[in-house]
Amino acid sequence: MRGAFITLEGTEGVGKTTNLDFVCATIRRAGVEVVRTREPGGTPLAEEIRDLLLAVRDEPVADIAELLLVFAARGQHLAGTIEPALRAGCWVVSDRFTDATYAYQGGGRGVDEATIATLERLVHGNLQPDLTLVLDAPFDSVASRLSGRTRDRFEREQRDFFERVRAGYLERAAELSRCVTIDATQPLDRVQADIVAALAPLLRGAGER
Ligand code: T5A
């Protein structure tokens with residue numbers, strides 16, 4: 001039986017990585033095998049593409065080059081990690097997937113949605129996450145969580161970029177029934193209580209998949 005595909009999304013510092021382990025542990029407690037992964041990345045080649053994407057460089061990166069690199073990494077991630085795991089009946093939990101492209105390259109950079117949709121169809125056809133947890137917080141409430149880190153190429157963007165990314169996520173979440181938006185400004189235990197509630201319907205169906 002095919003596994004379920006769950007993604008965590010949101011702007012920088014909202015707690016995706018922090019909650020990824022929690023999501024995986026909650027699923028394992030229900031007796032289901034889970035693969036934890038991330039984008040860009042998730043295979044050796046895709047991780048190399050991640051390094052290219054996040055590196056701070058003097059040369060401006062063209063929007064189309066960034067977009068194609070994101071989907072190149074995703075194609076490899078799907079072929080090497082996501083698809084084999086789902087086929088084997090494992091659940092896959094990924095830190096970001098294509099919603100991030102709509103939010104960052106679409107909302108943030110201004111690439112038109114139709115171009116992203118064309119690549120989405122080409123790279124993953126009808127495959128979509130079964131559940132997407134969108135951790136949401138205004139820029140100001142999470143900016144302090146990132147202070148003191150070395151900033152990658154995306155984290156060096158200005159506030160208005162992250163506001164457009166956040167708006168992109170919220171717009172998609174409002175349109176897609178697989179998305180559950182969670183208030184990431186809450187204390188961690190409250191965020192995780194919301195995550196458990198969002199996972200419950202999928203976990204109830206785990207035995208029937
Ligand atoms: N990208 C990616 C694209 O442009 N297009 C795409 O299609 C894809 C897939 C990847 C970058 O690539 C771009 C977007 C990204 O910029 P990344 O490292 O995967 O980069 O993503 P980041 O968002 O940069 O990851 P971060 O680590 O910055 O953010 P997280 O994972 O959301 O936050 P996390 O879990 O590290 O938490 C940050 C801090 O906050 C604390 C944590 O303890 C930690 O210290 N925290 C809380 N504190 C208080 N209350 C809570 N509720 C808290 N939750 C977490």
Side-chain angles (χ1 to χ4, degrees), residues 5 7-24 36-43 46-56 61-78 81-82 92-111 113 115-117 119-120 123-124 129 132-159 161-166 168-169 172 181-196:
F5 182 29
T7 55
L8 271 82
E9 296 282 0
T11 52
E12 324 291 304
V14 290
K16 297 174 301 298
T17 310
T18 304
N19 286 300
L20 211 66
D21 280 335
F22 177 77
V23 169
C24 292
R36 177 194 202 275
T37 188
R38 69 171 181 181
E39 288 212 347
T43 79
E47 289 289 328
E48 285 184 38
I49 299 172
R50 176 189 178 92
D51 292 343
L52 288 176
L53 277 162
L54 300 194
V56 175
V61 178
D63 292 348
I64 189 70
E66 184 176 282
L67 179 70
L68 292 171
L69 283 170
V70 160
F71 271 107
R74 183 162 297 135
Q76 186 66 18
H77 188 206
L78 282 156
T81 301
I82 297 176
V92 174
V93 180
S94 183
D95 191 340
R96 302 189 183 279
F97 191 60
T98 303
D99 294 315
T101 311
Y102 281 98
Y104 281 78
Q105 281 64 49
R109 303 282 191 226
V111 173
E113 237 179 69
T115 302
I116 299 173
L119 290 168
E120 178 183 31
V123 172
H124 53 99
T132 297
L133 304 171
V134 180
L135 300 180
D136 175 59
F139 177 78
D140 287 337
S141 63
V142 289
S144 65
R145 294 184 192 171
L146 300 175
S147 60
R149 310 186 175 183
T150 310
R151 292 176 185 245
D152 65 35
R153 197 169 58 83
F154 289 97
E155 289 166 352
R156 290 182 177 216
E157 290 294 341
Q158 301 300 308
R159 177 205 184 103
F161 175 83
F162 295 112
E163 282 171 353
R164 290 197 304 277
V165 171
R166 180 183 178 217
Y169 271 128
R172 261 182 98 65
T181 304
I182 292 174
D183 176 1
T185 64
Q186 305 178 91
L188 194 55
D189 59 337
R190 300 275 295 277
V191 170
Q192 293 183 339
D194 287 353
I195 289 174
V196 169

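Counting starts at 1 for both ligands and their atoms, in listed order.
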Q: Apply the test side-chain hydrogen bond (donor to acceptor under 3.5 Å, both in side chains) to residues E120 and Y102: give CA-CA distance (whole Å), side-chain angles for both, the deciding distance (0.1 Å), then the verdict.
A: CA-CA 10 Å; E120 178 183 31; Y102 281 98; 2.5 Å; yes
Q) Parallel, tilted or perpendicular: which describes the rings of F162 and F139, with under 30° parallel and over 60° perpendicular? A)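 F162 and F139: parallel rings.
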Q | Mutual orientation of the aromatic rings belonging to F97 and H124 [parallel < 30°, tilted 30-60°, perpendicular > 60°] | A |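 Rings of F97 and H124: tilted, as their planes differ by 30° to 60°.
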Q.
Looking at R156 and R151, would you say the former's side chain and the latter's main chain have a donor-acceptor pair under 3.5 Å?
A.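 At least one qualifying donor-acceptor pair exists.
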(Q) Looking at Q192 and N19, would you say the former's side chain and the latter's main chain have a donor-acceptor pair under 3.5 Å? (A)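 No: the side chain of Q192 does not pair with the backbone of N19.
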For [atom], find the nearest protein heavy atom and state the residue, atom name and distance (0.1 Å precision).
{"atom": "atom 52 (N) of ligand 1", "value": "Q186 O, 3.0 Å"}
{"atom": "atom 54 (N) of ligand 1", "value": "R145 NH1, 3.5 Å"}
{"atom": "atom 29 (O) of ligand 1", "value": "G13 N, 2.9 Å"}
{"atom": "atom 32 (O) of ligand 1", "value": "K16 NZ, 2.6 Å"}

Q: Could you tell me whether D140 and R159 have a side-chain N and a carboxylate O separated by less than 4.0 Å?
A: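 Yes, D140 and R159 are salt-bridged.
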Q) Should R145 and E12 count as an ion pair when the cut-off is N to O under 4.0 Å? A)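 No, no charged N to carboxylate O under 4.0 Å.
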(Q) side-chain contact (heavy atoms from CB on, under 4.5 Å) for L68 and L119? Distances and angles first, verdict last. (A) CA-CA 8 Å; L68 292 171; L119 290 168; 4.0 Å; yes
Determine, considering heavy atoms only, which of [options] sits nearest to [atom].
{"atom": "atom 55 (C) of ligand 1", "options": "L67, T18, T17, L135", "result": "T18"}
{"atom": "atom 27 (O) of ligand 1", "options": "R149, H77, R50", "result": "R149"}
{"atom": "atom 15 (C) of ligand 1", "options": "E12, R190, E9, Q192", "result": "E12"}
{"atom": "atom 1 (N) of ligand 1", "options": "G10, G15, G148, P40", "result": "P40"}

Distance under 4.0 Å to a non-hydrogen atom of [X]: what atoms of ligand 1 satisfy this?
{"X": "A100", "value": "5 (N), 6 (C), 7 (O), 8 (C), 9 (C)"}
{"X": "R74", "value": "7 (O), 9 (C)"}
{"X": "Q105", "value": "3 (C), 4 (O), 5 (N), 6 (C), 7 (O)"}
{"X": "T101", "value": "6 (C), 7 (O)"}
{"X": "E39", "value": "9 (C)"}

Q: Show the numbers, then the answer: is there a side-chain contact (heavy atoms from CB on, under 4.5 Å) between D21 and R36?
A: CA-CA 8 Å; D21 280 335; R36 177 194 202 275; 2.8 Å; yes
Q. With a 4.0 Å cut-off on heavy atoms, does E66 reach ligand 1?
A.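 E66 does not count as a contact of ligand 1 under the 4.0 Å cut-off.
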**Q.** contact_flag E155 ligand 1 heavy-atom lt 4.0 Å
**A.**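 The answer is yes: ligand 1 sits under 4.0 Å from a heavy atom of E155.
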Q) Should the proximity of L54 to ligand 1, defined as any heavy atom under 4.0 Å, be assigned to the side chain, the backbone, both, or neither? A)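 For L54, only side-chain atoms sit under 4.0 Å from ligand 1.
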(Q) Under 4.0 Å, heavy-atom basis, I'd like to know which part of R96 is in contact with ligand 1: side chain, backbone, both or neither. (A)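 Within the 4.0 Å criterion, R96 contacts ligand 1 through side-chain atoms alone.
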Q. Is the count of non-hydrogen atoms from other residues, nucleotides or ligands lying under 6.0 Å from R153 atom CZ greater than 12?
A.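 Enclosed: over 12 neighbouring heavy atoms sit under 6.0 Å from CZ of R153.
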Q: Evaluate whether atom CD of E155 has more than 12 neighbouring non-hydrogen atoms of other residues, nucleotides or ligands under 6.0 angstrom away.
A: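 More than 12 heavy atoms, drawn from other residues, nucleotides or ligands, come within 6.0 Å of this atom.
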Q.
In the complex you have, is atom 45 (O) of ligand 1 within reach of the protein, judged by whether a heavy-atom distance drops under 4.0 Å?
A.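 Given the 4.0 Å limit, the answer for atom 45 (O) of ligand 1 is no, no protein heavy atom qualifies.
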Q.
Which residue is it: R74, K16, R172? I am looking for the one with a salt bridge (Lys or Arg N to Asp or Glu O under 4.0 Å) to D99.
A.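 One option only clears the test, and that one is R172.
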Q: May I ask you to check whether F154 has an N/O atom sitting below 3.5 Å from an N/O atom of ligand 1?
A: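 Checking ligand 1 against F154, no N or O pair falls under 3.5 Å apart.
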